[in-house]
Engineer: 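Pasting a structure here, questions to come.
Order of the sequence lines sets the chain letters (A, B, ...), proteins ahead of strands, with each chain counted from 1.
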Amino acid sequence: GDSVTQMEGPVTLSEEAFLTINCTYTATGYPSLFWYVQYPGEGLQLLLKATKADDKGSNKGFEATYRKETTSFHLEKGSVQVSDSAVYFCALSLTGANNLFFGTGTRLTVIP
Amino acid sequence: EAQVTQNPRYLITVTGKKLTVTCSQNMNHEYMSWYRQDPGLGLRQIYYSMNVEVTDKGDVPEGYKVSRKEKRNFPLILESPSPNQTSLYFCASSYYGGHEQYFGPGTRLTVT
């Protein structure tokens, strides 16, 4: 079935460190891929998305590239800040589907 | 401001006492959905609605009811809550099921 697997957390980094959160997917069709972020005490917000192979989504210094050959959509940021501390969710959807499939989330803590 | 609102934000109740969590969106979205978030399990879909008077079960519908009498509202009803329904609940909406979803701020429910 369709699913998303993302790296286990928690992840703790120092400020200005490089961030990678791995996400791989299994899908029967051609999914759209998303990264959502959940800040403490808040709901999920869309961070970035990509709708077809080789697309790169970017926002707030975060990037992710839709890699069909490796079925991956890894989230990266070159220099994290304390304000990036949050839980990050990878998700996919299929055209005409009734929902999004979410990964289990990765908690990121950035220390000064 | 485009948003999804949920009420209440926090609720502590006792086993068996019926409760309703309200959800409303002001974006004229066709699709609405309820999720629960539990540690280590990510987000799991409870029910969704493709349009007014059209609802369907998600992955974990047992113990929950929903209704969609108006486009903007999608209440979640727990007829007889049990402690295993203690969780963080999110309502979400989008233009259609596979599209990016907009989330409410969450309702933290504790059933004792």
Engineer: If you draw a 6.0 Å radius around CD in A:Glu16, do more than 12 non-hydrogen atoms from other residues or ligands fall strictly inside?
Structural biologist: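 Not buried by this count: 12 neighbours or fewer within 6.0 Å.
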Engineer: Side chain from CB out, backbone as N, CA, C, O: work out which of these in B:Arg44 comes under 4.5 Å of a heavy atom of chain A, or both, or neither.
Structural biologist: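 Contact with chain A involves no heavy atom of B:Arg44 at all.
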Engineer: In terms of heavy-atom proximity below 4.5 Å to chain A, should B:Gln37 be classed as side chain, backbone, both, or neither?
Structural biologist: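 The side chain, not the backbone.
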Engineer: Does CZ belonging to A:Arg107 count more than 12 external heavy atoms closer than 6.0 Å?
Structural biologist: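 Check fails, neighbour count at 12 or below.
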Engineer: How close do B:Phe90 and A:Gln38 get, counting heavy atoms only, and between which atoms?
Structural biologist: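 That closest heavy-atom pairing would be CZ-NE2, 3.1 Å.
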Engineer: What closest approach, in Å, do A:Leu100 and B:Tyr35 show between heavy atoms, and which atom pair accounts for it?
Structural biologist: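 Reported closest heavy-atom pair: N-OH, 4.0 Å.
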Engineer: Under 6.0 Å from the CD atom of B:Gln3, do we count more than 12 heavy atoms belonging to anything else shown?
Structural biologist: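 Yes, CD of B:Gln3 has more than 12 neighbouring heavy atoms, counting only those of other groups under 6.0 Å.
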Engineer: Between A:Leu44 and chain B, with a heavy-atom cut-off of 4.5 Å, which part of the residue counts as in contact: side chain, backbone, both or neither?
Structural biologist: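 The answer is both parts of A:Leu44.
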Engineer: Can you tell which part of B:Tyr102 gets under 4.5 Å to a heavy atom of chain A, answering side chain, backbone, both or neither?
Structural biologist: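 For B:Tyr102, neither part sits under 4.5 Å from chain A.
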Engineer: Is it the case that atom CD1 in B:Ile77 sees more than 12 heavy atoms from other parts of the structure closer than 6.0 Å?
Structural biologist: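 Buried by this count: over 12 neighbours within 6.0 Å.
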Engineer: Is A:Phe73 linked to A:Leu19 within one hydrophobic cluster, defined over Ile, Leu, Val, Met, Phe, Trp and Tyr using a side-chain heavy-atom separation of less than 4.5 Å?
Structural biologist: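 Both belong to a single hydrophobic cluster.
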Engineer: For chain B, find which of A:Ala91, A:Gly43, A:Gly103 contributes the most heavy-atom pairs closer than 4.5 angstrom.
Structural biologist: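 If we count pairs closer than 4.5 Å to chain B, A:Gly43 comes out on top.
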Engineer: Does atom OH (A:Tyr30) have a neighbourhood of more than 12 heavy atoms from anything else shown, all under 6.0 Å?
Structural biologist: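 No - once you tally the heavy atoms of other residues, nucleotides and ligands closer than 6.0 Å, there are 12 at most.
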Engineer: Starting at OH of A:Tyr36, measure out to CG of B:Leu43 and round the result to the nearest 0.5 Å.
Structural biologist: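 So the gap between those two atoms works out to 10.0 Å.
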Engineer: Could you please spell out the steps behind the side-chain contact (heavy atoms from CB on, under 4.5 Å) verdict for B:Glu100 and A:Phe34?
Structural biologist: CA-CA 8 Å; B:Glu100 61 191 77; A:Phe34 307 86; 3.7 Å; yes
Engineer: Do A:Phe102 and B:Leu41 share a hydrophobic cluster (ILVMFWY, side-chain heavy atoms under 4.5 Å, transitive)?
Structural biologist: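 No, it is not one cluster - the side chains of A:Phe102 and B:Leu41 are not joined through contacts under 4.5 Å.
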